[in-house]
Protein chains: 2
Amino acid sequence: MNRDDPDDDSPRRAHTGRRRNEDARRAILDAVLVLLAESGGAPVTIDTIARAAGVGKQTIYRWWPSKGAVLLEALTGLAGDVVSPPEADTLRADLSSFVAATFRGARAESTASVLRSLVREAARDPHAADLVRTFTASRRDALRALLTRHPNELAPGADLDLIVDQLYGLFWYRFLLEHRPLSGEAATALAEALAGQAGTPPSGPR
Amino acid sequence: MNRDDPDDDSPRRAHTGRRRNEDARRAILDAVLVLLAESGGAPVTIDTIARAAGVGKQTIYRWWPSKGAVLLEALTGLAGDVVSPPEADTLRADLSSFVAATFRGARAESTASVLRSLVREAARDPHAADLVRTFTASRRDALRALLTRHPNELAPGADLDLIVDQLYGLFWYRFLLEHRPLSGEAATALAEALAGQAGTPPSGPR
DNA sequence: GACTTGCCGAGACCATCAGTCTCGATAAAG
DNA sequence: CTTTATCGAGACTGATGGTCTCGGCAAGTC
């Protein structure tokens with residue numbers, strides 16, 4: 001992500017000249033988070049970020065390749081919050097808490113603004129689009145891992161990819177279109193429906 | 001959508017001066033469709049459209065409020081293709097053909113390009129975003145109508161909104177992220193899963 | 001057929017914004 | 001004190017959506 005330094009942490013290499021200003025880096029990422037949270041999804045420009053961080057634009061582009069990259073790095077910290085699925089003893093319980101946590105995260109205005117801005121950026125910046133792909137893939141992996149944590153509860157022919165995409169599909173669909181809320185009730189209903197799809201049902205899978 | 005004429009079809013009102021050039025209108029919409037289909041989702045600029053249609057930019061902005069509006073009007077014609085659900089005798093069959101048709105439409109490169117460009121536009125132009133909302137709402141309505149066409153096959157407490165959003169959620173999620181194809185197999189599997197979720201199952205809904 | 005009115009194509013023009021370039025200042029190292 | 005790389009600041013470039021202007025032309029009216 002940086003220019004040519006092999007490692008920021010090991011000052012082993014002979015390096016004359018001024019070093020990277022860590023305060024500036026923090027100020028930039030903090031400013032991004034603040035501006036994104038305040039913007040409510042409205043576009044946040046590079047100039048605004050630089051201004052808010054009290055930093056020159058070049059200082060941003062010296063360390064990040066594009067605006068989308070900055071947004072993503074700022075977002076990375078937030079991602080961890082939603083993941084952490086508590087290991088429950090049934091698939092249904094695990095799934096339910098996962099969906100609930102995901103929906104809850106999107107209801108937090110600060111998180112929602114960041115996600116919305118990231119999506120908007122991805123529609124324009126191919127670099128940001130790649131990062132969104134990486135991000136969403138990691139979320140799918142997390143969900144898939146959760147599902148396979150209860151192998152004995154899974155129906156033999158259960159199509160996990162289909163289930164995962166139904167969950168995140170509905171999530172993003174509602175999140176972006178806002179035609180219907182990502183409520184706790186919806187989370188429960190979705191988790192129930194998908195658990196029924198994945199798990200060995202009372203009688204048969206279909 | 002136009003400037004101030006109450007109705008295009010009734011030339012009842014005294015209207016001196018040159019009339020709207022229908023050829024230009026067609027040329028613009030055709031050019032949009034062609035360019036969109038060729039672009040493969042890459043951005044199509046207003047200048048390109050005007051150039052391709054052999055038209056001045058002002059002629060576009062005289063009749064449409066924004067680029068997104070032009071894209072949507074061009075898209076409207078295509079929407080009809082995918083809708084038309086044949087009235088089958090079971091919910092499962094109706095749903096299956098609906099999903100298959102929807103997925104098939106997205107696999108057609110020309111349609112896909114238009115949809116992708118429209119989404120990209122919506123991320124930037126609030127006007128286009130409204131139009132996308134209208135468009136997706138009409139599709140949900142169509143699906144909902146299809147589901148309620150077989151009331152006796154529906155489970156009493158079936159959450160139709162959830163089912164609709166699971167379907168279109170997965171559709172858009174896969175369509176935009178492209179991590180997994182909208183294949184015929186996926187269509188079948190999804191239809192099966194949702195039919196099971198909606199319909200009175202062999203034993204009980206949960 | 002001349003006049004009026006409003007659309008037409010063409011393109012100059014403007015604003016916005018991502019990203020680059022330059023400059024003088026400054027900090028870290030020899 | 002010299003060298004080197006980063007810093008803040010901001011001018012600049014290029015792309016693009018959208019507006020404005022202009023000479024020309026077509027559809028009516030008189």
Side-chain angles (χ1 to χ4, degrees), chain A residues 2-6 8 11-28 31-32 35 39 42-72 117-118 120-129, chain B residues 2-5 8 11-28 31-32 35 39 42-71 117-118 120-129:
Chain A
N2 296 3
R3 259 201 334 188
D4 60 338
D5 48 342
D8 284 357
R12 197 170 315 281
R13 159 175 166 238
H15 174 114
T16 61
R18 191 172 179 173
R19 315 299 184 72
R20 178 176 193 174
N21 185 351
E22 188 61 21
D23 292 347
R25 182 182 154 274
R26 291 291 303 273
I28 291 165
V32 166
L35 289 173
S39 75
V44 174
T45 70
I46 282 285
D47 292 77
T48 310
I49 295 169
R51 192 75 57 89
V55 144
K57 286 167 65 176
Q58 188 56 245
T59 302
I60 296 178
Y61 282 107
R62 200 190 321 271
W63 302 107
W64 288 278
S66 76
K67 198 176 77 166
V70 186
L71 296 199
L72 184 90
S117 290
L118 194 68
R120 180 196 303 279
E121 206 57 33
R124 213 190 44 76
D125 176 6
H127 197 271
Chain B
N2 295 2
R3 261 200 335 189
D4 60 339
D5 47 342
D8 285 355
R12 196 169 317 282
R13 158 175 167 237
H15 174 115
T16 61
R18 191 174 182 173
R19 313 301 182 73
R20 178 176 192 176
N21 185 351
E22 187 61 21
D23 292 347
R25 182 183 155 273
R26 291 291 303 272
I28 291 165
V32 167
L35 290 174
S39 74
V44 174
T45 70
I46 281 285
D47 291 78
T48 310
I49 295 169
R51 191 76 57 87
V55 143
K57 287 167 63 176
Q58 188 56 244
T59 303
I60 297 178
Y61 282 107
R62 201 191 321 272
W63 302 107
W64 290 278
S66 76
K67 198 176 76 166
V70 186
L71 296 199
S117 291
L118 193 69
R120 180 198 301 282
E121 207 58 33
R124 212 189 44 76
D125 177 6
H127 196 272

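Hydrogens, waters and symmetry mates play no part in the numbers below; they use all other heavy atoms, side chains included.
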Original post:
B/R120 CZ to D/dT16 C1': how many Å, rounded?
Top reply: 13 Å
Subject >> Base C/dT5 to side chain B/R18, donor-acceptor N/O within 3.5 Å cut-off >> reply: no
**OP:** Please determine if a side-chain N or O atom of A/T45 lies less than 4.0 Å away from the OP1 or OP2 oxygen of C/dC17.
**Re:** no
**OP:** May I ask you to evaluate whether B/W64 reaches the phosphate of D/dG17, defined as a side-chain N or O under 4.0 Å from OP1 or OP2?
**Re:** no
Subject >> Under 4.0 angstrom between B/R19 side-chain N/O and D/dG28 OP1 or OP2 >> reply: yes
Original post:
Could you state the interatomic distance from CD1 (B/I46) to OG (B/S66), rounded to the nearest 0.5 Å?
Top reply: 8.0 Å
Original post:
What's the spacing between A/K57 NZ and A/T45 OG1 if we round to 0.5 Å?
Top reply: 8.5 Å
**OP:** Take B/N21 and B/R51, find for each the nucleotide of DNA chain C with the closest heavy atom, and name the residue whose nucleotide sits nearer the 5' end.
**Re:** B/N21
Subject >> Rounded distance [0.5 Å steps], NZ in B/K67 versus CD in B/E121 >> reply: 4.0 Å
Original post:
Within 45° of the six-membered ring axis of A/W63 and under 6.0 Å from that ring's centre, is NZ or CZ of A/R25 located there?
Top reply: no
Original post:
Whole Å only: how far is the CZ atom of B/R20 from the P atom of C/dG9?
Top reply: 11 Å
**OP:** Could you check how far CD1 of A/I60 sits from C1' of D/dT6, rounded to whole Å?
**Re:** 14 Å
Original post:
Which distance, rounded to the nearest 0.5 Å, do you find between the CD1 of B/I60 and the CD1 of B/I28?
Top reply: 5.0 Å
**OP:** Determine, for nucleotides 18-23 of chain D in 5'-to-3' order, which nucleotides have protein heavy atoms under 4.0 Å from the base (write B), from only the sugar-phosphate (write S), or from neither (write -).
**Re:** BBB---
Subject >> Side-chain heavy atoms of B/R51 within contact of B/T48, under 4.5 Å >> reply: no
**OP:** Take atom CD1 of A/I28 and atom C1' of D/dG8, then tell me their distance rounded to the nearest Å.
**Re:** 11 Å
**OP:** For D/dC7, take OP1 and OP2 only and decide whether either is under 4.0 Å from a side-chain N or O of A/R62.
**Re:** yes
Subject >> Listed partners of B/R120 passing side-chain hydrogen bond (donor to acceptor under 3.5 Å, both in side chains), at least two apart >> reply: none
Original post:
Toward the 5' end of DNA chain D, which comes first, A/G54 or B/P43, by nearest nucleotide?
Top reply: A/G54
